[in-house]
**Q** 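Attaching a single structure in structure tokens format; questions to follow.
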Amino acid sequence: MASTSHGVAAVLSHVKGSDFLSSSDFTSEQTSALLELAVQLKNGTRRIDLGNRVLGLIFTKASTRTRVSFQVAMARLGGQTVDLNPQVTQLGRGEPLEDTARVLSRFCDALAIRTYEQRELIDYADWATIPVINALTDLEHPCQALADFMTIQETFGRLKGVTLAYIGDGNNVANSLMICGALLGVNVRIGCPEGFEPSESVVDKARDLAISGAKIDITNNPMQAVRGVQAIYTDVWASMGQEQEQELREKAFQGFCMDKTFLDEADSQAIVLHCLPAHRGEEISSELIESNASRVFDQAENRLHAQQALLAALLGGL
Ligand code: CP
Ligand code: NVA
């Protein structure tokens, strides 16, 4: 692990100019260094001025945390963001992605994109000549995972050997947790209803990338998933774009509402995580979000620090 500012900068110098489309785009060492930089930015031992760089935000789905944390992160780095929502640009009137990506590359220094298909994100990255960041797709939410593991690290002072249980849908958040967890040596257990498991290719990828013997386990028994773990985590049952499946999912996910009985089954020091927005009384009880074990608002805050570190690394400001 890179333990000095110099070490962190040396490790992260290799990601300058890269895209961050998946948690697997960074190595274990780079992911650890990024979290270390995020902690330095959070505690004020590190300040970075990128000198008026501009991040373009293309969000075709709603967002509170991701959008605002990117805006504030750029402001703190001495830069700014521009809103490039499809509704207000020619994208919404059918201008081809390949033209848009090349034009925006002449104005901006990086793009953060929230959309449905991972393929669309990859197409942007292929045509853009600036770093492209995944701000959530149907496949992954890699910026979220950085903040999540930063929160676990700051609670327990370590990541290797820690076990995280994610209860619910094998979705974008679960996918990035498995991959990023594997890279950091965290055991990740997914407890999901039958038919809502994460895709095998992502599970295999996470297992291939795992360091320090980290295990990735999938089970349909949620209580078994949380037994003895240090962190329990959940997310909505119907993600953005799946609204029409809400009713079907409410039936399929019976028994998967993360409540006090789940926390009681976990380690006595276990913490509660949720990427937010939460549907209280659905995938998580209000009691759990408000409990002493809850770290959900630290987790939300850490989006800012983790993304500030990410932007500094991709834009080469170290
Ligand atoms: N967790 C998260 O990505 O929140 P937003 O949808 O509000 O950005
Ligand atoms: N899985 C959720 C995460 C929201 C931050 C979604 O994609 O809607």
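Just so it is clear, the values below take in all heavy atoms, side chains as well, and ignore hydrogens, waters and symmetry mates. We count ligands from 1, going down the list as the structure has it; atoms in each ligand are counted the same way. Numbering starts at 1 and runs along the sequence shown.
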**Q** So, do T234 and F262 sit near enough that their side-chain heavy atoms are less than 4.5 Å apart?
**A**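 No, their side chains stay 4.5 Å or more apart.
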
**Q** Where is the nearest protein heavy atom to atom 4 (O) of ligand 1: which residue, which atom, and how far?
**A** R65 NE, 2.8 Å

**Q** Please determine if C275 has a nitrogen or oxygen closer than 3.5 Å to a nitrogen or oxygen of ligand 2.
**A**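 By distance alone, the answer is no.
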
**Q** Should you measure from each heavy atom of R303, which atoms of ligand 1 turn up under 4.0 Å away?
**A**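 Counting from 1, the qualifying ligand atoms are 1 (N), 2 (C), 3 (O).
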
**Q** Could you tell me if the side chain of S13 sits less than 4.5 Å from the side chain of L318, heavy atoms only?
**A**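 Not in contact.
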
**Q** Tell me which part of L276 gets within contact of ligand 1: side chain, backbone, both or neither, using heavy atoms under 4.0 Å.
**A**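 Looking at L276 and ligand 1, just backbone atoms fall under 4.0 Å.
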
**Q** Between E154 and R295, is there a salt bridge with N-O shorter than 4.0 Å?
**A** no

**Q** More than 12 non-hydrogen atoms from neighbouring residues, nucleotides or ligands closer than 6.0 Å to CZ on F156, yes or no?
**A** yes

**Q** So which of V236, T66, D235 gets nearest to atom 3 (C) of ligand 2, if we judge by its closest heavy atom?
**A** D235

**Q** Anything under 30° is parallel, anything over 60° is perpendicular, the rest tilted; go ahead and classify F253 against W237.
**A**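 Parallel: the ring planes of F253 and W237 meet at under 30°.
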
**Q** Flag R114 as yes when one of its N or O atoms lies below 3.5 Å from any N or O atom of ligand 2, and as no otherwise.
**A** no

**Q** Would you mind checking which non-hydrogen protein atom is closest to atom 4 (C) of ligand 2, with the distance to 0.1 Å?
**A** L136 CD1, 3.9 Å

**Q** Looking only at protein heavy atoms, which one is nearest to atom 8 (O) of ligand 2, and how far off is it?
**A**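 I find the closest protein heavy atom is M240 N, 2.8 Å.
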
**Q** I'd like to know if the side chain of Q30 pairs up with that of D25 as donor and acceptor (distance under 3.5 Å, no hydrogens or angles considered).
**A** no

**Q** Which heavy atom of the protein is the closest neighbour of atom 7 (O) of ligand 1, given with residue, atom name and distance?
**A** T64 N, 2.7 Å

**Q** May I ask you to check if ligand 2 and S239 share an N or O to N or O distance below 3.5 Å?
**A**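 Checking ligand 2 against S239, an N or O pair does fall under 3.5 Å apart.
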
**Q** May I ask whether D169 has any heavy atom positioned less than 4.0 angstrom from an atom of ligand 2?
**A** no

**Q** Can you name the atoms of ligand 2, numbered from 1 with element, that are less than 4.0 Å from a heavy atom of L276?
**A** 5 (C)

**Q** Check D138 with R119, please: is the shortest side-chain N to carboxylate O separation under 4.0 Å?
**A**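 Salt bridge absent between R119 and D138.
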
**Q** Taking both backbone and side-chain atoms of C275, is any N or O found less than 3.5 Å from an N or O belonging to ligand 1?
**A**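 N/O-N/O distance under 3.5 Å: yes.
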
**Q** Just wondering, are more than 12 heavy atoms of other shown residues or ligands nearer than 6.0 Å to CG in N43?
**A** yes

**Q** Flag the pair F297 / L276 as yes when at least one side-chain heavy-atom distance between them is below 4.5 Å, and no otherwise.
**A**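 Result yes, sub-4.5 Å side-chain heavy-atom pair found.
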
**Q** Just let me know how K61 lines up against ligand 1, side chain, backbone, both or neither, with a heavy-atom cut-off below 4.0 Å.
**A**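 The answer is neither; K61 stays 4.0 Å or more away.
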
**Q** Would F196 and F256 count as a close aromatic pair, with their ring centres under 6.0 Å?
**A** no

**Q** Note the single closest protein heavy atom to atom 6 (O) of ligand 1, along with its residue, its atom name and the distance in Å.
**A**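 Answer, as residue, atom name and distance: R114 NH1, 2.9 Å.
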
**Q** Under a 4.0 angstrom heavy-atom cut-off, which atoms of ligand 1 come close to H141?
**A**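 Within the 4.0 Å cut-off of H141, ligand 1 contributes 2 (C), 3 (O).
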
**Q** Is N172 touching ligand 2 with its side chain, its backbone, both, or neither, if touching means heavy atoms under 4.0 Å apart?
**A**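 The part of N172 near ligand 2 is the side chain, not the backbone.
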
**Q** Tell me whether R249 is salt-bridged to E283, with the criterion being a basic N under 4.0 Å from an acidic carboxylate O.
**A** no

